[in-house]
Amino acid sequence: RPHRVGRVIEPAPRREPGTVTPLTRFVTRHPVGAFSMTAFGLGWPLLFVRSTTSFASTAVGLAFTWGALLGSALAVTWVCGGASAVRGLLARLVQWRFGLGRWAYVVLALPALTVATAALSGTLVLPSGGWAALVAGYLLQTFVHGAAEVNVAEEGAWSGLVQTRLAERHGVLGG
């Protein structure tokens, strides 16, 4: 059965007879279910530790997003389509889908609206470090820290595997 790698459809790699196990069969027939069982099975204990203790909060968070979420997605993708499918999923994480102007709009629209609303309502308080420090902190916290700790891994798992599989099966709207 063919699988999608980016925009190219390639045949799934053939396995040697006798190497298909019940687990492999389950994962290939139910990739979203297999991902969910693995991601939640690993992730919920990690989230429990992170939310109930002060033990290595950042490390546990990284283990959750990069290990439980993205790791599960990569494992399921590998079982279903091999190394080429994993490379395809990882390649989609760095594709630019629209131009720099639209990125600037996405990044700046909500903060600008927030500042404008605060100014109009009389609740705007000027930052003590100045606007440059506020903007630099926002960009660093939101994009560098956010992307490195959570966003890339989370989108790789949910959009890269789950949404893609559901859309292939049920259409874009149904997925």
Side-chain angles (χ1 to χ4, degrees), residues 1 3-6 10 12-13 15 19-98 103 106-111 114 133-175:
R1 183 174 109 184
H3 68 279
R4 288 187 184 265
V5 176
E10 297 177 0
R15 298 192 185 277
T19 62
V20 177
T21 66
L23 180 60
T24 303
R25 194 173 307 118
F26 175 80
V27 173
T28 55
R29 287 184 182 162
H30 308 285
V32 174
F35 163 78
S36 297
M37 288 174 22
T38 307
F40 292 126
L42 295 171
W44 280 345
L46 290 168
L47 286 178
F48 178 78
V49 168
R50 186 170 191 202
S51 63
T52 59
T53 71
S54 60
F55 174 76
S57 180
T58 300
V60 172
L62 290 170
F64 170 71
T65 54
W66 289 92
L69 286 180
L70 187 59
S72 296
L74 293 174
V76 168
T77 301
W78 181 79
V79 169
C80 291
S84 64
V86 170
R87 284 191 299 274
L89 188 149
L90 293 173
R92 290 192 309 269
L93 292 179
V94 294
Q95 287 179 343
W96 285 78
R97 301 221 187 318
F98 45 82
W103 270 108
V106 168
V107 168
L108 300 175
L110 192 54
T114 302
L134 181 74
V135 170
Y138 166 74
L139 292 175
L140 178 68
Q141 179 66 29
T142 302
F143 294 101
V144 176
H145 179 72
E149 189 170 329
V150 177
N151 301 112
V152 173
E154 186 175 348
E155 289 302 318
W158 293 111
S159 297
L161 176 81
V162 175
Q163 185 63 34
T164 301
R165 296 291 179 153
L166 292 174
E168 285 174 353
R169 183 172 215 172
H170 304 290
V172 174
L173 187 59

S.K.: Under 4.5 Å between any side-chain heavy atoms of V152 and L93, yes or no?
M.R.: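 Answer yes - side chains close enough.
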
S.K.: Is it true that, when you exclude Y138 itself, more than 12 heavy atoms of the residues, nucleotides or ligands shown sit nearer than 6.0 Å to its OH?
M.R.: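 Result for OH/Y138: enclosed.
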
S.K.: Would you say R169 has more than 12 foreign heavy atoms packed within less than 6.0 Å of its CZ?
M.R.: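 Count not over threshold, so no.
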
S.K.: Under the side chain to side chain contact (heavy atoms under 4.5 Å, CB included) test against V76, which residue among L161, L89, T28 passes?
M.R.: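 Filter result, single survivor: L161.
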
S.K.: Minimum heavy-atom separation for E149 to T65, with atom names?
M.R.: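 Scanning both residues completely, I find the closest heavy atoms to be O-OG1, 2.8 Å.
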
S.K.: Are V49 and P45 packed together at the side-chain level, in the sense that at least one heavy-atom pair is separated by less than 4.5 angstrom?
M.R.: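 SC-SC contact between V49 and P45 ruled out.
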
S.K.: So L69 and F35, side-chain contact (heavy atoms from CB on, under 4.5 Å) or not? Walk me through it.
M.R.: CA-CA 8 Å; L69 286 180; F35 163 78; 4.2 Å; yes

S.K.: Enumerate the residue pairs fulfilling ring pair (Phe, Tyr, Trp, His ring centres under 6.0 Å) with a member in residues 54-74, sequence neighbours excluded, ordered by first and then second residue.
M.R.: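 Output for this query is empty, none listed.
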
S.K.: Which atom names give the shortest non-hydrogen contact between L46 and V60, and what distance separates them?
M.R.: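 The answer is O-CG1, 3.2 Å.
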
S.K.: In Å, rounded to the nearest 0.5 Å, how long is the span from NE2 of H30 to CE of M37?
M.R.: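 Spacing of NE2 (H30) from CE (M37) equals 10.0 Å.
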
S.K.: How are the rings of W158 and F40 set to each other: parallel, tilted or perpendicular (split at 30° and 60°)?
M.R.: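 Tilted.
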
S.K.: Please step through side-chain contact (heavy atoms from CB on, under 4.5 Å) for the pair S72 and L42, ending with a clear verdict.
M.R.: CA-CA 9 Å; S72 296; L42 295 171; 4.2 Å; yes

S.K.: Please identify each residue that fulfils side chain to side chain donor-acceptor pair (under 3.5 Å) with Q163, with sequence neighbours left out.
M.R.: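 Result, side chain to side chain donor-acceptor pair (under 3.5 Å) vs Q163: none returned.
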
S.K.: Between C80 and R165, what is the shortest heavy-atom contact and its length?
M.R.: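 That closest heavy-atom pairing would be CB-NH2, 3.5 Å.
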
